[in-house]
Amino acid sequence: MLLFWPLVIPFLIAVACLLCHRSGAAQRGLSLLGALVLLAVAARILARVIVSGPFAEQAGGWAAPFGITMVADGLSATMVLLVGIVAVVTTVFGFTDVTKAETRAGHHPLTNALLAGLCGAFLTGDIFNMYVWFEVMLISSFGLLVIGGGPAALDGAMKYAGLNLIATVAFISGVGLLYGTTGALNMADLHQRLQGRGGETAILVSAAFLIFAFGSKAALFPAFFWLPASYHTPSFTSSALFAALLTKVGVYSLIRVFTLVFPIEDTAIQTTLLWGAALTMIVGAFGALAQDSPRRVLNFTIISSIGYMILGLALHTPLAMLGAVYSLFQDVIVKANLYLAAGAAARLAGAESFGRTGGLWRAHPWFAALFLLPALSLAGVPPFAGFWGKLILVRATLEIGAGALTALILVVGLLTLFAIARVWSELFWKPAREASSPTRLPATVWAILLLLAGLVTWIGLEAGPFIDAAAGVAAGLVDPAAYIAAVLGGPR
């Protein structure tokens, strides 16, 4: 039962960390061991998908569509691999970032529960089961937000939890309507049962509920306000984990459900997603320009990046889907890199606010270079990874004659470049406001930043194989026959 191990491993580590709650060293060691094993299992799953295509496993031996199905295809297997990578790098970074108080408050059990929820959401083939994993993520992420303490953390956590509770009601309402209308919850089965029924009122209302639920998790306009209020409040380790993966669950769910379950071409669903994506890009870009610390700027760049991905889904052409998938994959690594680099910068500067930073280029030139690489990728500067995703989406909009969307992509990219240039100026170029004692980064932090910067650079400079891989994933989304056959049986 290979597909169940990404769920079992983090839960076992979470329980073990609870049993070792008095020893921070034991919890750190267990978390690293669990992350490494999770990464190895994820690599094994992806290797099997590459060799033999999508495959499914059934809980308890109950055949689909009646049992709980776990499915791995190119999209879900890659996302689980990225969970493993981010788990390893954030765990190692957290050795010197997560405080003793946060460790005692449950950082490691909560983080591992969150990893289990992420893997469950990516691998499930059942839409109600997806709801269950969303709840696991909500509880664990809320805990990670509040254990740092302070009014800002509590305020951000309440906004986060409040909107997500409303989204939970929308999610279960949409699932209930689907089940009442079709009698099915398995997503491959729903694909077959909804053929030719996309215009029915109950189906459209269900789709609207699910767009709101998934859009809230992804910080899609207008349900984005919780993210800039919360993602800068926990430890940098938790911020990086959230930024890299938590919002991507919403994007993944939108892509999965609105390619596999609901037909969206030439429907109100497509129009809704298109407007939501465009407004999300605009809000994220302008919001990033008005912030006063690196993490607050990065919070809004998450929002604009989500807009790019959903734009590719909304356009729904093969090239646009390729742009969405490639942007999703590379953005996980870029965001993890930048949030951890922002944590290192705060340590070196002794502060996070722009009003108290500066001078890092002169004092720490090698660190400045490591920060610059993912920053250029986020801004879409060639030949870094972020550039190729934007280029693919530009080509997709030109292919269908949507000049306004082409202009939007380019303008938002330029505004993001301005926002990142301001971060660079405030942290590195401007003189330091006050003299500070020399600070060194731990070797583990240097190792993580070097690894992530190297990955970002490699993905950009050797983009061809990664784009080809993303193209294969996108093709499987446009034509989900192999996914359905893996779940329900039949010819691929």
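Residues take their numbers from the sequence shown, with the count starting at 1.
Put simply, the side chain of Val169 reaches to within 4.5 Å of the side chain of Ser173, judged on heavy atoms. Under the 4.5 Å side-chain criterion, counting only non-hydrogen atoms from C-beta, Thr247 is not in contact with Lys217. Two residues are said to be in side-chain contact when any heavy atoms from C-beta on lie closer than 4.5 Å; His232 and Pro294 fail this criterion. Using a 4.5 Å heavy-atom threshold, the side chains of Ser141 and Phe242 count as touching. At least one side-chain heavy atom of Ser305 sits under 4.5 Å from a side-chain heavy atom of Lys335. The shortest side-chain heavy-atom distance between Val412 and Met281 falls under the 4.5 Å cut-off. Between Ile448 and Asn337, the closest side-chain pair of non-hydrogen atoms is not below 4.5 Å. Counting heavy atoms from C-beta outward, Leu7 and Trp133 have side chains that approach closer than 4.5 Å.
A donor-acceptor pair under 3.5 Å links the side-chain atoms of Lys248 to the main chain of Ala243, judged by distance alone. Between the side chain of Glu57 and the backbone N or O of Val71 there is no donor-acceptor pair closer than 3.5 Å. Not one N or O on the side chain of Trp446 forms a donor-acceptor pair closer than 3.5 Å with the backbone of Phe367. Using a distance-only test at 3.5 Å, with no hydrogens or angles considered, a donor-acceptor pair links the side chain of Asp97 to the main chain of Thr237. At distances below 3.5 Å, at least one donor-acceptor pair connects side-chain atoms of Arg193 with backbone N or O atoms of Thr182. In this structure, the side chain of Thr124 does not engage the main chain of Gly120 through any donor-acceptor pair within 3.5 Å. No donor-acceptor pair closer than 3.5 Å links the side chain of Ser377 to the backbone N or O of Leu373. Trp388 contributes a side-chain N or O that, together with a main-chain N or O of Pro383, makes up a donor-acceptor pair within less than 3.5 Å.
For the residue pair Gly389 and Ser327, the shortest heavy atom distance occurs at CA-OG, 3.7 Å. Across Pro228 and Phe300, no two heavy atoms sit closer than the pair CB-CE1, 3.5 Å. Heavy atoms only, all atoms of each residue included: Ala342 and Phe371 are closest at N-CE1, 4.2 Å. Across every non-hydrogen atom of Ala486 and Ala56, the tightest pair is O-CB, 3.5 Å. Nearest heavy-atom pair, Ala474 versus Pro318, reported as atom, atom and distance to 0.1 Å: CB-O, 4.4 Å. Between Leu311 and Ala277, the shortest heavy-atom contact is N-CB, 3.4 Å.
Crowding of Trp5 atom CH2: a count of heavy atoms from other residues, nucleotides or ligands under 6.0 Å not exceeding 12. More than 12 heavy atoms of other residues, nucleotides or ligands lie within 6.0 Å of CZ in Phe225, so this atom counts as buried by the packing criterion.
Side chains of Thr69 and Asp126: a donor-acceptor N/O pair is absent below 3.5 angstrom, by distance only. Looking at Thr181 and Glu200, their side chains never bring a donor and an acceptor atom within 3.5 Å of each other.
The line from CE of Met79 to CG of Asp73 is 11.5 Å long, rounded to the nearest 0.5 Å. We find the OH-NE2 distance between Tyr483 and His191 to be 11.5 Å, quoted to the nearest 0.5 Å. Taken to the nearest 0.5 Å, the CG atom of Leu315 stands 7.5 Å off from the CD atom of Gln270. Separating the CD1 atom in Ile467 from the CZ atom in Phe329 is a distance of 13.0 Å, to the nearest 0.5 Å. Here the CG-OG distance, from Asn299 to Ser293, works out to 7.5 Å after rounding to the nearest 0.5 Å. Considering CG of Leu450 and CG of Leu370, their distance stands at 5.0 Å, rounded to 0.5 Å.
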#### Entry: Test log, rule side-chain contact (heavy atoms from CB on, under 4.5 Å), inputs Leu273 and Ile269
CA-CA 6 Å; Leu273 289 173; Ile269 299 172; 4.1 Å; yes
### Message
Quick one, Leu178 with Leu185, criterion side-chain contact (heavy atoms from CB on, under 4.5 Å). Give me CA distance, side-chain angles, the key distance, then yes/no.
### Response
CA-CA 8 Å; Leu178 265 184; Leu185 292 170; 5.8 Å; no
#### Entry: Steps toward side-chain contact (heavy atoms from CB on, under 4.5 Å) verdict (Phe384, Val334)
CA-CA 10 Å; Phe384 294 97; Val334 171; over 6 Å; no
### Task
Apply salt bridge (charged side-chain N to carboxylate O under 4.0 Å, His left out) to the pair Asp292 and Arg422, showing each step before the final yes or no.
CA-CA 10 Å; Asp292 62 356; Arg422 179 165 174 260; over 6 Å; no
### Message
Between Ser206 and Phe262, is the side-chain contact (heavy atoms from CB on, under 4.5 Å) condition met? List the steps.
### Response
CA-CA 10 Å; Ser206 172; Phe262 292 94; 3.8 Å; yes
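For Phe221 and Trp275, the ring centers are positioned 6.0 Å apart or more. Taking the ring centroids of Tyr339 and Phe236, they lie at or beyond the 6.0 Å cut-off. Ring centers of Phe466 and Tyr326: at least 6.0 Å apart, outside the cut-off. For Tyr131 and Phe128, the ring centers are positioned less than 6.0 Å apart.
Ring planes of Phe134 and Phe171: perpendicular class, angle over 60° (limits at 30 and 60°).
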